[in-house]
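Right, one structure below, let's go through it.
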There are 2 protein chains.
Amino acid sequence: MLPHGDLHCSDCHIRHRAVCSRCDEAELQRLEDVKFYRRYEAGQRIVWAGDELSFVGSVVSGIATMSQSMEDGRVQMVGLLLPSDFIGRPGRSTTPYDIVAASDVTLCCFRRAPFEQLLEDMPHVSGRFLEMTLDELDAAREWMMVLGRKTARERIASLLVSVARREANFSLVPITGDLRLHLPLTREAMSEYLGLTIETVSRQISQLSREGVIALDEKRRIIIPDLIRLEEETGENLVPA
Amino acid sequence: MLPHGDLHCSDCHIRHRAVCSRCDEAELQRLEDVKFYRRYEAGQRIVWAGDELSFVGSVVSGIATMSQSMEDGRVQMVGLLLPSDFIGRPGRSTTPYDIVAASDVTLCCFRRAPFEQLLEDMPHVSGRFLEMTLDELDAAREWMMVLGRKTARERIASLLVSVARREANFSLVPITGDLRLHLPLTREAMSEYLGLTIETVSRQISQLSREGVIALDEKRRIIIPDLIRLEEETGENLVPA
DNA sequence: CGCAATATTGAGGATACTCAATGAAGGTGG
DNA sequence: CCACCTTCATTGAGTATCCTCAATATTGCG
């Protein structure tokens, strides 16, 4: 594998989804000049809530979690950061969220000040950034529905479907036959995302597995024999009668 | 009161918080040329999920709710729209949310296409719009914590505190003594926001009232004798030991 | 004044939580 | 290379919080 410093933007596999997706070659060159990569191992924290975050950037590969905690230890995940997702908020030097690498993670980073300059100078960057932020907002609101109104079983299904959809979107693999999903989240991480306890997550996954809606492959890998069937379990009945 | 067509931006009381807040006088004039007002009565729907939304705009006065529904009737409110909040998404002609006037509401509107042009031409508008969107995202994530992890009692307290804070922020009234809060939401609307049932909302409000943490004034009006005390009930212990 | 909408309160029940024990997997060192 | 330990996952029993169903107040409005 190439050392990451040598990776060209034009070869980057998040090229067409990330904050840079609208840039032309000349613009990419400008990003290339100031970008740098950071790598984190699974389990490593990327930032701690309240800490200074000197950079912003995109997830290139791997999965990170973003969560909020209460003083008494309750934790709620507020975002699952997949490749092309953006970390950090321009104009603010700290994050209110803990960000942790769930798997090995590579980030494509910019120091904050230069990135803010890019936002000002390059409409292709700022426009895409705004669009991504609006998409994030929609996603957060959809997740409010999950947390506020769905049963444990529906929550599990919603999580799996949302990751499956993004994965399918990304690899452009048509969703036929078995879908083998890599979900590098512990039961604890899932429970934090879903607003449940570890035990409830475990029980519901066992249940879905017993019923054949999903199958458990090796660790952190789930097989979805029939995505439509799983989607029905989310409670969002997309199939009109 | 002036007919709304005559209201000058410079006299507008959301002038310093809304999407126009960074504009200078010349820029305001440009907004003034294309803006128009719309009024809705309490209970009236502003848009229905999936409907065409030909305009975008800011809440000038009143409160609106934004919610998402499932086919089986479950409803989750995903936003409470207070004065200066923005409605609609540039670049998209429909909303996925139902938006309903909870009280009489006045909106300051722009047709979508001209507004998108404004975003391109005026950095003061686009910059502020981005900032507001990022704030919304933070708020949505904070609400995920409420929905995912808080008890019924904490949820009620969180709702009241968040509205109280915004109100205090707006009127710049120092938070001393009794705080008289106007909250034009039915128990049903609150339950939809909080991910609870009407009955649970009612019981928890009765409970808080019995304990003197809040007092019920006339309809849709709540007295907060001690905001600090109420904040303690949100579960977010802001007071370090 | 009376009806419709909204709110309160009670009784019973279901879903998810807590506490606890057991099992499986992965890494470390003898 | 295997025993041991730690971490993670599963499963069970009992419980609590919130939901459902239902009856009764209260409010606002025609």
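Below, chains carry the letters A, B, ... as their sequence lines are ordered, and counting in each starts from 1.
Atom CD in Glu41(B) sits roughly 16 Å away from atom C1' in dG28(D) (whole-Å rounding). Between the CD atom of Gln207(B) and the P atom of dT8(C) there is a distance of 13 Å, rounded to whole Å. Atom P of nucleotide dC19(D) and atom CD1 of Ile198(B) are separated by 11 Å, given to the nearest angstrom. Remark: C1' of dT27(D) and CG of Leu216(B) are 14 Å apart, rounded to the nearest angstrom. Distance CD (Glu218(B)) to C1' (dT6(C)): 16 Å, rounded to an integer number of Å. In this structure, NZ of Lys219(B) is placed 13 Å from C1' of dC29(D), rounded to the nearest angstrom. Put simply, CG on Asp72(B) is 15 Å from C1' on dC19(D), counting in whole angstrom units. One can place CZ of Arg221(B) at 16 Å from P of dT27(D), the figure rounded to the nearest angstrom.
Within the nucleic acid shown, Thr186(A) comes within 4.0 Å of sugar-phosphate atoms alone, with no base atom in reach, counting heavy atoms only.
Using a cut-off of 4.0 Å between Lys/Arg side-chain N and Asp/Glu carboxylate O, Asp72(B) and Arg149(A) are scored as not salt-bridged. Using a cutoff of 4.0 Å between basic side-chain nitrogens and carboxylate oxygens, Arg165(A) and Glu231(A) are scored as salt-bridged. A salt bridge between Glu236(A) and Arg74(B) is absent, with no side-chain N of the basic residue lying under 4.0 Å from a carboxylate O of the acidic one. The pair Asp135(A)-Arg92(B) does not meet the salt-bridge criterion, since no charged nitrogen lies less than 4.0 angstrom from a carboxylate oxygen. Salt bridge absent: Glu192(A) and Arg187(A) never bring a charged side-chain N and a carboxylate O closer than 4.0 Å.
For the pair Val19(B) and Ser58(B), the tightest heavy-atom approach, listed with the atom from each and the gap, is CG1-OG, 4.1 Å.
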(request) Scan nucleotides 10-17 of chain C nucleotide by nucleotide, 5' to 3', and note B when protein non-hydrogen atoms come under 4.0 Å of the base, S if they reach only the sugar-phosphate, - if neither. (result) BB----SS
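Here Ser206(A) does not reach the OP1 or OP2 of dA9(D): none of its side-chain N or O atoms lies under 4.0 Å away.
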